[in-house]
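See structure below.
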There are 2 protein chains.
Amino acid sequence: MTSPTLTTPFTLPDETLDLLFREARTANSFSDAPVSADDVREIFELVKYGPTMMNIQPMRLLLVEQGAGRDRLLPLMSEGNRAKTASAPVVAVVAADVDFHTSLAAHFPHKPDAGDMFAGDAENRSQIARYNTALQTGYFIVGIRAAGLAAGPMGGFDAAGIDAEFFAGTSWRTQLVVNIGHPGENPWFDRLPRISVDDAVRTV
Amino acid sequence: MTSPTLTTPFTLPDETLDLLFREARTANSFSDAPVSADDVREIFELVKYGPTMMNIQPMRLLLVEQGAGRDRLLPLMSEGNRAKTASAPVVAVVAADVDFHTSLAAHFPHKPDAGDMFAGDAENRSQIARYNTALQTGYFIVGIRAAGLAAGPMGGFDAAGIDAEFFAGTSWRTQLVVNIGHPGENPWFDRLPRISVDDAVRTV
């Protein structure tokens, strides 16, 4: 079945949609053009407005600059990810705060005891933290692109090792590592095929 | 600790950033202005370009229009979500395809047997499907806003009941329900407080 030609519903211009989605690509190499931790903090200040369940906002970021911090991170990345992670001007370790409920009173002030409902079941709380962190990670990747930067999200790393190295004694749990920078030489592979809308979307 | 004043790194104009993040709000009521399933299919055609692990693209959407389909969905929503879900011109049930690996050869063509690595461990595959669907849901919510529409994501529903009613015999598993439309009367509560960047973002 072929999709009919549809009228675009978008209010943003094509160049914006291209920057955020259609032309945006996962970068595998980065140029020397600097990107600072402060730039990524500003991206966080934008994407923090994306919605989460009961406003729990569990996404946390550890920004790893070039230098001593990066040297601690690299051995914990999969071998195939090390060179690109070394070359990125800044790397974000995206973590879920599995104890988000302890600060929920400040974020859900009309129901100050809302955190109590998550206090008992740590496994359920971890699942909720991880789901909402993943939602926020989607916003974060779009925000990186809104800053004209390329993101390189990676799943290949030793999560328990990163937790032990950087998050010992805290409630932060590593979920994804994202290289951030300006694309370098031969920065990406050919665009991989996308699923057809007819396979992915049904209507009743 | 107060954040220093930072130079904006964004290449998009403030109005765009406002539309997507700063001014965008979760709508709790919807006007009669129509939104069609075809509009949401077009939004999918935009956000499908967002990255997923190994290009697995597990997010699936069931678009529930007004009428018989909506009547089947409403009893499966939490009571507090029924009125707004009834009023939205279109509702998207976001599902994770836990058998994404069976079509991975088409989406990762340089490694046609990539799906095999997910064939054995259904629990691991489900976790991967759910994580990547959540990432894609973040892109989808931004895409709804790029179309000038309001999204109303909801976690309060009977997921097993929706699976049984709409997805029996398939590998789609309900993860979120999102009302989509133009805001109605008194569409949102006051903006809830966001976490401070100093609590959520660290640098090494």
Side-chain angles (χ1 to χ4, degrees), chain A residues 3 6 8-12 16-17 19 21-22 24 26 37-51 53 55 57 59-65 69 106-109 130-131 134-139 141-142 146-148 153 155 166 192-195 197 200-204, chain B residues 3 6 8-12 16-17 19 21-22 24 26 37-39 41-51 53 55 57 59-65 69 103 106-109 130-131 134-139 141-142 146-148 153 155 166 192-195 197 200-204:
Chain A
S3 302
L6 302 171
T8 176
F10 296 106
T11 58
L12 297 177
T16 298
L17 304 176
L19 177 79
F21 289 107
R22 295 181 190 134
T26 291
D38 278 350
D39 289 333
V40 184
R41 286 167 59 95
E42 279 291 283
I43 292 168
F44 181 85
E45 294 275 28
L46 177 72
V47 303
K48 71 181 182 184
Y49 291 111
M53 182 185 120
N55 201 35
Q57 311 172 69
M59 185 178 76
R60 304 289 179 263
L61 301 179
L62 177 73
L63 305 181
V64 185
E65 300 188 293
H107 305 139
F108 211 63
R130 288 173 178 279
Y131 175 72
L135 269 184
Q136 289 186 282
T137 305
Y139 311 145
I141 289 172
V142 175
F166 293 101
L192 289 169
R194 289 311 194 260
I195 191 170
V197 65
V201 183
R202 299 176 193 167
T203 302
V204 290
Chain B
S3 301
L6 302 171
T8 176
F10 297 105
T11 58
L12 296 177
T16 298
L17 304 176
L19 177 78
F21 289 106
R22 296 182 190 132
T26 291
D38 277 351
D39 290 332
R41 287 167 58 97
E42 279 291 284
I43 292 168
F44 181 85
E45 295 275 27
L46 176 72
V47 302
K48 71 180 182 184
Y49 290 111
M53 183 185 122
N55 201 35
Q57 309 171 71
M59 185 178 77
R60 305 290 180 262
L61 301 178
L62 178 72
L63 306 180
V64 185
E65 299 187 295
S103 54
H107 306 139
F108 212 63
R130 287 173 180 278
Y131 176 72
L135 270 184
Q136 290 186 281
T137 305
Y139 311 144
I141 289 173
V142 175
F166 293 101
L192 289 169
R194 290 311 194 260
I195 191 169
V197 66
V201 183
R202 298 176 192 168
T203 302
V204 291

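This one's a predicted model, so the numbers in the text were calculated from it and none came from an experiment. Chain naming here is simple, since letters A, B, ... match the order of the sequence lines and numbering starts at 1 in each.
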(message) Between A:Ala146 and chain B, with a heavy-atom cut-off of 4.5 Å, which part of the residue counts as in contact: side chain, backbone, both or neither?
(response)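 Contact with chain B is through both the backbone and side chain of A:Ala146.
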(request) Counting only heavy atoms closer than 4.5 Å, note whether A:Ile195 contacts chain B via side chain, backbone, both or neither. (result)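 Its backbone and side chain both get close to chain B.
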Residue selection (most heavy-atom pairs with chain B, distance under 4.5 Å) from [options]:
{"options": "A:Thr203, A:Val64, A:Val47", "result": "A:Thr203"}
{"options": "A:Ala134, A:Ala106, A:Gly138, A:Gly69", "result": "A:Ala134"}
{"options": "A:Leu17, A:Leu135, A:Leu46", "result": "A:Leu46"}

(request) Write down the atom of A:Gln57, the atom of B:Arg194, and the distance for their closest heavy-atom approach. (result)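 Where A:Gln57 meets B:Arg194 most closely, the heavy atoms are OE1-CD, 3.1 Å.
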(request) Of all the heavy-atom pairs spanning B:Leu192 and A:Pro109, show the shortest one and how long it is. (result)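 Taking every non-hydrogen atom into account, CD2-CD, 3.9 Å.
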(message) For B:Thr137, which atoms come within 4.5 Å of any heavy atom of chain A: side chain, backbone, both, or neither?
(response)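 Answer is both: backbone and side chain atoms of B:Thr137 are under 4.5 Å from chain A.
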(request) Identify which of B:Pro153, B:Pro51, B:Ala24, B:Ala37 forms the greatest number of heavy-atom pairs closer than 4.5 Å to chain A. (result)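 Highest number of heavy-atom pairs under 4.5 Å: B:Pro51.
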(message) Checking A:Val201 now: which residues fulfil side chain to side chain contact (heavy atoms under 4.5 Å, CB included) with it, not counting sequence neighbours?
(response)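 A:Val197, B:Arg41, B:Phe44, B:Leu61, B:Leu63.
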(message) Checking A:Ala147 now: which residues fulfil side chain to side chain contact (heavy atoms under 4.5 Å, CB included) with it, not counting sequence neighbours?
(response)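 Side chain to side chain contact (heavy atoms under 4.5 Å, CB included) check on A:Ala147 returns A:Ile43, A:Leu149, B:Pro9, B:Phe10.
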(request) Supply the atom-to-atom distance A:Leu12 CG to B:Leu12 CG, rounded to the nearest 0.5 angstrom. (result)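 Going from the CG atom of A:Leu12 to the CG atom of B:Leu12 covers 8.5 Å.
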